[in-house]
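Written out below as structure tokens is the structure these notes cover.
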Amino acid sequence: MTEVVRVRFAPSPTGALHVGGARTAIYNWALARRTGGTFILRIDDTDAERSTAENTAQILRSLEWLGLDWDEGPEVGGPFGPYFQTERADHYRSALDRMKANGSAYPCFCSATELEAKREAARSGDGSAGYDRTCRHLPADTVAARIAAGEPHVWRLSVPEDRGDILVDDAVRGETTFPASAMDDFVLVRSDGTPTYNFATVVDDADMEITHVIRGDDHLSNTPRQILVFEALGHAVPRFAHLSMIWGADGKKLSKRHGATSVEAFHEEGILPEALLNYLALLGWSLDGDTTIISADTLKTSFSLDRISKNPAIFDPEKLEWMNGMYIREMPPGVLIERMVPWLESAGLATADDVAARHDWFVSLVPLISERLKRMTEIAPTVGFLLTDRFEPDPAAVAKGLTGAEAYRSVSAAHAALEVLEVWETETVETALRALPEALGIKPKIVLQAVRVAVTGSTVSPPLFESVALLGRDIALARLDAASRGTGE
RNA sequence: GGCGCGUUCGUCUAGCGGUUAGGACACCGCCCUCUCAAGGCGGAGAUCACGGGUUCGAAUCCCGUACGCGCUACCA
């Protein structure tokens, strides 16, 4: 049986796309891509209070940034639209009509205070189902009269009396059964006519012919209820896969306290989309237990539901950062240069035109810095001394490496040695500077650190000789001269 | 309270009856070295939550306990 896979990611636009949602999206997308199926994006915007168009737009941007393209949904449309729940009222209405017709839904006139009391009673009693089904067996004419009179009412699911325990066959958890007795006649449609979550998602999943529901763990307990709705609708039940939660380092729900949690925030903090994708994919799924660097292409060919782990995972920013560094290091120079541009621009160090104009210069810069970067935000600080027109040595660095008689002698000797170079490139610079310590009778580390601080303004920098070469004769000499006189440039 | 899920190095995980319990991040040491990194080599780190079973043999199968989490809403 070769069934066409149709999966969906259904975020609620009540906030930005956070890492938990992103991982859910990744798994859905990966399964669709690996199986040649369809990845659907649906916006669960039924919470009118908190849903905003801005959030929706941001979620779409985050998904795109991660490289998760959807086949049906906002902006691309598709044959099963609309893809915003708020635009699907007629679908919920007709689904309810079908359920009214087959007797699987009934109106309930109980007031909020009555329900509260019933809940109390149920909970202090044997703990079984919540609602006591008061309105389930109301005479038909009574019901008709009360509705005609405009009495407020909700519509509830009529859980079949003869329904046995409900089996959820979950791709990650295996088979779990829920006693039918624990299922109450929950609300499908509110008194204002809007559908509840458990109703709307099932109607949508059924209408959109979703075959696999991959979502957060928090929905596992809702699944038997949803299965009941699928059955009432006479629709086949999709396959489920419930993902464990992602926690913060303290084992608590991930929140701002733990640093960045939204995809957008990681972007702003210099994390690469391929690194986030890789890290998140591996947080709860494994290719083989040994491989840690996994590309989107690998995901597309090798992702499978049966290698998703059951246990909750703690989000580890350090590993993400390490991974990000890996991706930066392995990136071809030309590509890294392109990716650097926005960061250079926002730091005011260079424009795209500058980079294009000195392309070769930037290409030779890449190997000097790429193995020193963990985040794109570190680019500006590490190359700033090469590009800035307002060179300001770090006072602490000066105090440490450019203070005292030996340091000053080193710097002026360096100036003298470099000044006479006929060819200004890494090799000649290196030869000239390496000869200094012996000539001056000063330890190499002292000499070179003094030159480093003078030229880069810091005790920590890319390789010195290369840096001096890239900086160019005029600027390098000017900085050495300034340093030897203890003034600014 | 009821129902459900989860529990392997600090962290992410491999493992699916017989392994010296493997890998990765982080950590420590050494090498490399002009700083910082990167890289190489090595190390420490897991009584597989606990207690009972089943079995010749259990991290792996069964039962229970503890702890954590979720659902139990006219939230999603």
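On a predicted model such as this, the values are computed, not experimentally measured, just so you know.
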Worksheet item: Looking across every strand, which nucleic acid part, if any, lies under 4.0 Å from A/Trp285 by heavy atom: base, sugar-phosphate, or nothing?
Response: nothing
Item to complete: Tell me what A/His219 touches on the nucleic acid: a base, only sugar-phosphate, or nothing, going by heavy atoms under 4.0 Å.
Response: base
Worksheet item: Across the strands shown, which category fits A/Arg225 at heavy-atom distances under 4.0 angstrom: base, sugar-phosphate, nothing?
Response: sugar-phosphate
Worksheet item: Separation of A/Asp290 atom CG from B/C25 atom P, in whole Å?
Response: 12 Å
Worksheet item: Within the distance-only criterion (no hydrogens, no angle test), does the side chain of A/Thr291 pair as donor or acceptor with the backbone N or O of A/Ile293 below 3.5 angstrom?
Response: no
Fill in: Spacing between A/Phe178 atom CZ and B/G70 atom P, to the nearest angstrom
15 Å
Item to complete: Using atom CD of A/Glu466 as one end and atom C1' of B/A38 as the other, report the distance to the nearest whole Å.
Response: 14 Å
Worksheet item: Which residues satisfy the salt bridge (Lys or Arg N to Asp or Glu O under 4.0 Å) test with A/Glu231, sequence neighbours excluded?
Response: A/Arg163
Item to complete: Would you check, one step at a time, whether the test side-chain contact (heavy atoms from CB on, under 4.5 Å) holds for A/Leu138 with A/Arg146?
Response: CA-CA 11 Å; A/Leu138 259 27; A/Arg146 291 175 77 168; 4.0 Å; yes
Practice prompt. Can you sort out the partners of A/Arg173 under salt bridge (Lys or Arg N to Asp or Glu O under 4.0 Å), two or more places apart, ordered by chain and number?
Written response: A/Asp217
Discussion item. Within the 4.0 Å limit for protein heavy atoms, which parts of nucleotides 40-48 of chain B are touched? Write it as a string from 5' to 3', B for base, S for sugar-phosphate only, - for none.
Written reply: ---------
Worksheet item: Can you find an N or O donor on one side and an acceptor on the other, under 3.5 Å apart, linking the side chain of A/Lys319 with the base of B/A24?
Response: yes
Item to complete: Classify the nucleic acid contact of A/Asp218 as base, sugar-phosphate or nothing, counting any heavy atom under 4.0 Å across all strands shown.
Response: sugar-phosphate
Worksheet item: NA contact type, A/Phe315, heavy-atom cut-off 4.0 Å: base, sugar-phosphate, or nothing?
Response: nothing
Fill in: Strand contacts (RNA chain B) in residues 436-452 of chain A, 4.0 angstrom heavy-atom criterion
A/Lys445, A/Leu448, A/Gln449, A/Arg452
Fill in: Short side-chain to backbone donor-acceptor contact, A/Ser191 and A/Val154, under 3.5 Å
no
Discussion item. Does A/Thr177 reach a base, just sugar-phosphate, or nothing at all? Heavy atoms under 4.0 Å.
Written reply: sugar-phosphate
Worksheet item: With a 4.0 Å cut-off on heavy atoms, is A/Gly401 in touch with a base, just the backbone sugar-phosphate, or nothing at all?
Response: nothing
Worksheet entry | Any A/Asn311 side-chain nitrogen or oxygen under 4.0 Å from OP1 or OP2 of B/U8 | yes
Item to complete: List in chain and number order the residues that pass side chain to side chain donor-acceptor pair (under 3.5 Å) with A/Arg93, two or more places apart in sequence or in another chain; answer none if no residue qualifies.
Response: none
Discussion item. Any base atoms under 4.0 Å from A/Arg307, or only sugar-phosphate, or nothing? Heavy atoms, all strands.
Written reply: sugar-phosphate
Practice prompt. Compute whether any side-chain donor of one residue and acceptor of the other, for A/Asn278 and A/Tyr327, lie under 3.5 angstrom apart.
Written response: yes
Worksheet item: If you measure only the distance, is there a donor-acceptor pair under 3.5 Å linking the side chains of A/Arg215 and A/Thr201?
Response: no
Practice prompt. Please list, chain by chain and in numerical order, all residues satisfying salt bridge (Lys or Arg N to Asp or Glu O under 4.0 Å) with A/Glu318, sequence neighbours excluded.
Written response: none
Worksheet item: Heavy atoms under 4.0 Å, any strand shown: does A/Val187 hit a base, just sugar-phosphate, or nothing?
Response: sugar-phosphate
Worksheet item: A/Ser461 near the nucleic acid: base, sugar-phosphate alone, or nothing, with a heavy-atom cut-off under 4.0 Å?
Response: base
Item to complete: For A/Asp192, answer base if it contacts any base atom (sugar-phosphate contacts may also be present), sugar-phosphate if it contacts only those atoms, and nothing otherwise; contact means non-hydrogen atoms under 4.0 Å.
Response: nothing
Worksheet item: For A/Thr46, which contact category applies under a 4.0 Å heavy-atom criterion: base, sugar-phosphate, or nothing?
Response: sugar-phosphate
Fill in: Closest nucleotide among B/A76, B/C34, B/G39 to the A/Leu464 side chain
B/C34
Worksheet item: Would you say a side-chain N or O of A/Ser221 is under 4.0 Å from OP1 or OP2 of B/U72?
Response: no
Worksheet item: With respect to A/Asp45, which candidate in A/Thr14, A/Thr52, A/Thr86, A/Thr56 satisfies the side-chain hydrogen bond (donor to acceptor under 3.5 Å, both in side chains) definition?
Response: A/Thr86
